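Bear in mind that the values here come from a model prediction, so they are computed numbers and not experimental data. Scope of the values below: all heavy atoms of this structure, side chains included, with no hydrogens, waters or symmetry mates. Each ligand, and each atom within it, is numbered from 1 in the order the structure gives.
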Amino acid sequence: MRYRKLGRTGIEVSEIGYGAWGIGGKQWLGGQDDESLDSLRLAIDLGVNLIDTALAYGDGHSEQLVGQVVRESDRKVYVATKVPPKNRVWPATANTPVAAAYEYDYILACAEESLRNLRMETVDLLQLHVWHDAWVDRDEWKRALEDLKRSGKVQSVGVSATEHDPNSALKVMETGLIDAVQVIYNIFDQSPESQMFPLAIKHNIGILARVPLDEGALSGHFSENTTFPQGDFRDWYFRGDRKKEVVEHVDALRRDLGEKVSIPDTALRFCLSHPAVSTVIPGMRTRRHVESNAALSDAGALPAETLAILKRHAWDRNYYS
Ligand SMILES: NC(=O)c1ccc[n+]([C@@H]2O[C@H](COP(=O)([O-])OP(=O)(O)OC[C@H]3O[C@@H](n4cnc5c(N)ncnc54)[C@H](OP(=O)(O)O)[C@@H]3O)[C@@H](O)[C@H]2O)c1
């Protein structure tokens, strides 16, 4: 496993991090806690030292599982978590009043709740789970994050950028207040490369590349017949004609890359090929996925010819809407 600096925090995070949404259980169904704990422990054994969770993932359940393995580990494992918007509306828009999402007291109360779930004294990175630059001049979120840092309950702070709209989090990156941004970055959505990533490099802000496998579309075993349990987030995300569209796009990728090339391996290495990316955080609830993903860091960046091919596969769409 190789490690990269998480921006100006100076901490060295594993190139492959652990996305802990799926293990929360409520939005992604079908997981088992024993298997999730096993996959988390294996990830740590294989050098993963950053886990991304959130208070909203299974209403604290993901944080509880993460806290359990981090506390029992004799290695330093960095925990990133998130404050959900008070109105529970994803994403925020320019019209969302900051008071509806992030009042001062509310941010502090959520941070305390996360610490209770994790059973830890401090979190390494606290992120606002939604963000819009319309809030950049407001005082409440700034004071809350600064006060949490000052108290030692939080080591560094960041925001999670709106789905497929990285440019709605550029102004916050200019404030000097945030240490990291989490953004969708994958073969299909390459949009952070144009403005966000250069800005992150300029201001030394860490980048967590999220949803690197497009919620499983880039898993390599997605077909028109793939089904998800009713009530599972993916049953909604891949609704209607979307499975057919995904299959067409992945088939086109396969034609260009060659049948022997692994789609998920290429998808994760794609993210790590950009120097602005500090870590890529695939969701991985199974040992098999942890093993193959953790091994990819050592494979290094993709060759320029492959990156040139992947450039042509950017796909402008928003399945979250
Ligand atoms: N707004 C936000 O801030 C936000 C939103 C979404 C996600 N996130 C963060 O980003 C993380 C990653 O996104 P995600 O979990 O939604 O989706 P993802 O990482 O794009 O995809 C996860 C899916 O890929 C499968 N997978 C993992 N490794 C694989 C491999 N090597 N081969 C084949 N399939 C593989 C997983 O299977 P198994 O799980 O069955 O192993 C799971 O079904 C989240 O866990 C969360 O931490 C943040």
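- Scanning Y57, F228, W131, Y320 for the heavy atom closest to atom 8 (N) of ligand 1 points to Y57.
- Residue contacts with ligand 1 include W28, since one of its heavy atoms falls under 4.0 Å from the ligand.
- The shortest contact between atom 48 (C) of ligand 1 and any protein heavy atom is with Q182 OE1, 2.9 Å.
- With a heavy-atom cut-off of 4.0 Å, D214 touches ligand 1 through its backbone alone.
- Residue R288 places every heavy atom at 4.0 Å or more from ligand 1.
- In this structure, W135 and Y102 have perpendicular ring planes: the angle between them is above 60°, well past the 30° mark.
- Applying the 4.0 Å criterion to heavy atoms of K82 picks out, from ligand 1, the atoms 3 (O).
- Nearest to atom 21 (O) of ligand 1 by heavy-atom distance, out of G30, S36, G216, G24, is G216.
- Regarding atom 44 (C) of ligand 1, its nearest protein heavy-atom neighbour is W21 CB, 3.6 Å.
- Outside the 6.0 Å centre-distance limit, the rings of F188 and H313 are not counted as a close aromatic pair.
- Residue A20 touches ligand 1 through its backbone alone, judged by heavy-atom distances below 4.0 Å.
- When all heavy atoms of H132 and T93 are compared, the closest pair comes out as CD2-C, 3.6 Å.
- Within the 4.5 Å cutoff, the side chain of C110 has heavy atoms near those of the P84 side chain.
- Ring pair F228/Y237: centre-to-centre distance not below 6.0 Å.
- For Q127, no heavy-atom contact with ligand 1 is shorter than 4.0 Å.
- Here Q27 has no heavy atoms under 4.0 Å from ligand 1, in either its backbone or its side chain.
- Counting atoms of ligand 1 from 1 in the listed order, those under 4.0 Å from a heavy atom of S160 are 1 (N), 2 (C), 3 (O).
- Using a 4.0 Å cut-off between heavy atoms, N293 contacts ligand 1 through its side chain alone, with no backbone atom that close.
- When non-hydrogen atoms are compared, ligand 1 lies under 4.0 Å from the backbone of S219 as well as from its side chain.
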